Every structure is written in structure tokens, then in C-alpha cells.
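This chain uses plain numbering: 1 for the first residue, then up along the sequence. In each ligand, atom 1 is the first atom listed, and ligand 1 is the first ligand listed. What you see is a predicted model; the values in this text were computed from it and never measured.
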Amino acid sequence: MPEQAKGKGSDVKAVEAFMALGIEKDLAEAAAGLGWTSPTQIQRDAVPLLLQGRDVIGLAQTGSGKTGAFALPIIQDLLKNPQPLYALCLSPTRELAIQIAEQFEALGSGIGLRCAVLVGGIDMMAQAIALGRRPHVVVGTPGRVVDHLTNTKGFSLRSLGHLVLDEADRLLDMDFETEIDQILKACPRDRRTQLFSATMTQKVNKLQRACLTNPARVEVSHKYRTADNLRQQYLFIPAKYKDCYLAHVLTDLSGSTFIIFARTCDAARRIALTLRNLGFEAVPIHGQMAQPKRLAALNKFKAGDRNILVATDVAARGLDIPSVDVVINYDVPTNSKDYVHRVGRTARAGRSGRSVTLVTQYDVELFQKIEHLIQLKLDAYDVEAEEALVLLERVTEAGRIATATIREKDGEGRGKKAGKKRTVDDADDLLGTGFSGGSSRANKMGGGKKFRR
Ligand code: AMP
């Protein structure tokens, strides 16, 4: 075991903290030697159960220390009774498989633990040779593991004591069901099984029922976790077509209630007005509106007179906005935590919900920060560019009129006495009566409700 783990007061504490979970001294020292000063929550919760021999389902993301949680009890069993081909860990990706193997090797280096990695894109022969060395632990992606089960002589799972399904939700999303079935059939019944997943989906639940026996469930509360029943998608689009794609999504999901989040008050005004010009029932709510106006807008939305609320983060936070069907991030929030607040407006109280984030060429980094914070990779919203861009001419015209109207009205406001400045959404009149009723230009567009499906 690594020398640096011995003798230091803090390391002694770390060793004791791992031993308190039931981990043997040698292994606890190896964990401390990696600089782990105390077990993480998932390790505290899962390790004692696993050492008792329970099957475990763990809801935890990458970064929670879940690899340690499943590796430590496996290595402890191997310490007592070294056996080849004793554990198999299935991972959805090559990179993750390699990382898992590295942790097994780091924790087991002092006790001569052998590990083999079976992933695609790497020569089968070299992997077959590694299997020939009778590794204690095999980590792999399901497809390649099945390949070896079928083609590599002498490789079988008959002596398996532990099966780990890591990131089960992603394994199932990547359509590895057939391979997982084949692997399960090749495993002995009296093995122990651990299943880790970031989210509890129906498919994960089904898999859990198929392969775990009386499992204990442990869950790490993730501070920035988004609801499981929320379908989160993104739409990668050129910035110049943002309005057009927005109109497309609203049409595509018509019949729903929406909150559209914009970064600035001006953007919220402009978007609401553009949408009204196109015949959508949109109402803005932002910090430049006086509180009574905000409440009036909100009440219209709550009463169902308007089905689209165009909001800024600040305006939305102070108000009791009811749950909506769809949250659209017109602008990617600069503060990633705002994303969690925004999408939290839908999929409340067990209901399902949806969010669509418009990501342009300028937002990629911000978007990746969000995915990192929530520990999820979002799915793409399915759209054909030609289909969305059919609306381009009308949307451009609606946007142009909106901008002109705002300029005109703000100009008028400036002309009036101080304190009497009238902004476009001073009243929904402008958007409601004023615009759709009063603007000849808007009416000429003739889009109105006919535009909507
Ligand atoms: P994982 O969630 O298993 O992908 O682990 C994420 C990172 O946390 C890895 O780099 C581990 O080495 C590290 N780690 C795991 N357990 C602990 C611990 N008890 N203390 C500090 N770091 C840890």
C-alpha cells in the first residue's frame, strides 16, 4: 500500500473513516493513499450494505464517488478470497470503462489486483490475451463483452461473484438491452448485483426487477438535480434564426402552456411582441414592468387567457408562477443555476414536463456548463431545418414590426413627462387590444391564429 498513507494524522483519520464502514485496514489505507480523506455519501450508504451481501440500486451521478462505492466491497471480497473473473462491471462508454478500471487498479495495486478492459475500437486479440491472464475484475462495454463471450475461448462468467451495471440509464438509452440480456444469461444466479443510475427511468426499473434480488436502494441527493419526469432537450441553431425556430417549437407543441425565458427585459418585450404579431397568445413579464402590471400579466396567464409567458429570470423568481407544460430557454442562462430554476417551472409534483433550450454557436460553452452542473447530457429536439425555416419570412417581418413598435412607443414615452414613461408592455393593451386590435401592420400580416396548427 502507498507509503504516504502511513504515519500522518490526517491519513490515520481517513483510514479510520473507511474502516468504520467495515472496510479492512489494508484497503482503507489504499483509499486514504489516493487522497480520499473520508467516504462520500454514496460510499457511506452503499458500502455497509454491500459488505452485508445485499444487492444495491444506487441513484448517483458521476462525481459522487460511486465507483469507489462498488469497487471497495468487491476488492474486500477478493482480499479474503482471490478468484479470477470474479467481478464484471458494465459501462455505457469506453472512457467510463477505462476510468472504472483505473480506480480498481489504484485501490488494488497493493494487493496485486488484475483488471482487464473490454471495449470497442481496440484490438480483440490484445483483450483476449489480457483475459488469458485470468484478471480478477473485468470492465467493459456490453457489445464487446458479448463479443468475447462468444469468441474468446476460456472466457466465461460462470465464476462471477459480482455484477455491476454502471450508468444503467445510459446503458439502456444506448440500446444495449439485448447484450445485457445475453450477459445476464451467462452469469450465475447466486451472484450479487449492483445497479447504478443517475435517473430512475421505467427501463431502469424493469432492468432492476429482472436482475436484482431484494435490493437496498440508496440515493444521493443531488443539489442541482432536475426532475426525472422532465424531458430536457436542446436545439442547436444559428443565432440569426432563433425567432424562427422559437415559432416552430411553439407551433410544434401547440396546445401546451409555455414559459419562454429571455436574458433581458428588452428581449422579453421584443419576443412577446413578435409572437403576438404572429398570432400567438404571448404576454411578457419582466423587471421593467411595475408590479401591478406584472401581476396582471400573470393573472392572464393563470386564467388561461394567454398560454405563453415570456419572462426574465428575476421577474419569474419573485412570483408564484403555476406549473407549465413546456419551458423554453430562448437564451441560455449565463448562470447555470438559473437553468435549474427555470426548468423547475415544469414537471412539478410528479407531472411530466418538457424543456427546450435554444443553443446557438455562441452558447456552446454555457450549455456545456449546464450539462455539467446537472450531470446530464440533453437530447436534441428533433427538427428539420427546411420545415422550421418555412416561417422565416413571416417571422422576420413580425420581428421587424415589433422592434419598430418598441422604438416608436419608447420614443413617445420619452416625449412625455418624466415618470410617465410608457413602455410597450405598460399595458397588455399594446400586446392585446393595442396590437392585435389596433396595429394595421400587424393585421396585414394576417398570420394570427391561422398560423397555428
Ligand atoms: P466517481 O463518481 O466514482 O466517478 O468518482 C469521482 C471522483 O471522486 C474520482 O476521481 C474519485 O477518485 C474521487 N473519489 C471517490 N471517492 C472519493 C472520496 N471518498 N474522497 C475523495 N474523492 C473521492
Side-chain angles (χ1 to χ4, degrees), residues 1-2 4-6 8-51 56-76 87-111 113 115 117 119 137-141 162-171 193-200 204 217-225 368 371-377:
M1 71 125 254
Q4 76 265 28
K6 286 180 184 159
K8 291 188 208 159
S10 58
D11 288 339
V12 171
K13 268 200 183 151
V15 172
E16 283 170 358
F18 281 95
M19 286 178 72
L21 301 182
I23 298 286
E24 304 271 329
K25 191 156 182 265
D26 282 354
L27 191 50
E29 284 174 344
L34 296 181
W36 299 2
T37 50
S38 62
T40 64
Q41 192 193 330
I42 190 80
Q43 291 163 3
R44 280 197 303 277
D45 294 348
V47 168
L49 291 163
L50 290 161
L51 290 175
V56 163
I57 169 157
L59 293 185
Q61 277 96 353
T62 300
S64 58
K66 65 187 162 68
T67 314
F70 63 71
L72 286 168
I74 292 175
I75 301 175
Q76 175 132 319
L88 171 66
C89 304
L90 294 178
S91 128
T93 64
R94 297 170 196 183
E95 295 72 26
L96 184 61
I98 292 165
Q99 278 174 42
I100 293 171
E102 282 170 356
Q103 281 205 42
F104 267 103
E105 278 163 359
L107 288 168
S109 63
I111 55 160
L113 182 103
C115 201
V117 180
V119 292
V137 177
V138 174
V139 187
T141 46
H162 283 271
L163 173 67
V164 180
L165 300 155
D166 195 21
E167 304 217 342
D169 45 357
R170 285 176 74 197
L171 278 171
T193 310
Q194 305 182 48
L195 182 151
F196 285 85
S197 185
T199 51
M200 191 65 198
V204 173
R217 181 174 158 137
V218 292
E219 183 167 358
V220 177
S221 61
H222 180 33
K223 206 169 154 205
Y224 297 111
R225 214 173 139 186
Q368 285 171 341
E371 285 193 324
H372 183 75
L373 180 80
I374 61 171
Q375 299 271 323
L376 272 183
K377 286 268 170 225

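The option from Phe196, Phe70, Trp36 that lies nearest to atom 22 (N) of ligand 1, judged by heavy atoms, is Trp36. Looking at Gly35, Ala69, Gly65 and measuring to atom 5 (O) of ligand 1, the nearest heavy atom belongs to Gly65.
Residue-ligand proximity: Gln99 is placed with every non-hydrogen atom at 4.0 Å or more from ligand 1.
Looking only at side-chain heavy atoms (C-beta outward), Met200 and Leu59 come within less than 4.5 Å of each other. Taking 4.5 Å as the limit, every side-chain heavy atom of Phe196 sits out of range of all side-chain heavy atoms of Leu165. Leu113 has its side chain within reach of Phe104: a pair of non-hydrogen atoms, C-beta onward, lies under 4.5 Å apart. The shortest distance between side-chain heavy atoms of His162 and Phe70 does not fall below 4.5 Å. No side-chain heavy atom of Val47 sits under 4.5 Å from any side-chain heavy atom of Gln76.
Of all the atoms in ligand 1, the ones that sit under 4.0 Å from a non-hydrogen atom of Phe18 are 19 (N). Here is the list of ligand 1 atoms found below 4.0 Å of a heavy atom in Lys66: 1 (P), 2 (O), 3 (O). Interface of Pro39 with ligand 1, defined as ligand atoms under 4.0 Å from a residue heavy atom, comprises 19 (N).
Remark: Lys66 engages Glu167 in a salt bridge, criterion side-chain N to carboxylate O under 4.0 Å.
For ligand 1, the polar-atom distance check finds no N/O of Gly68 at less than 3.5 Å from any of the ligand's N/O atoms. Considering both main-chain and side-chain atoms, Thr67 comes within under 3.5 Å of ligand 1 through a nitrogen or oxygen pair. Residue Ser38 has at least one N or O atom closer than 3.5 Å to an N or O atom of ligand 1.
Here the CG-OG1 distance, from Leu90 to Thr141, works out to 8.5 Å after rounding to the nearest 0.5 Å.
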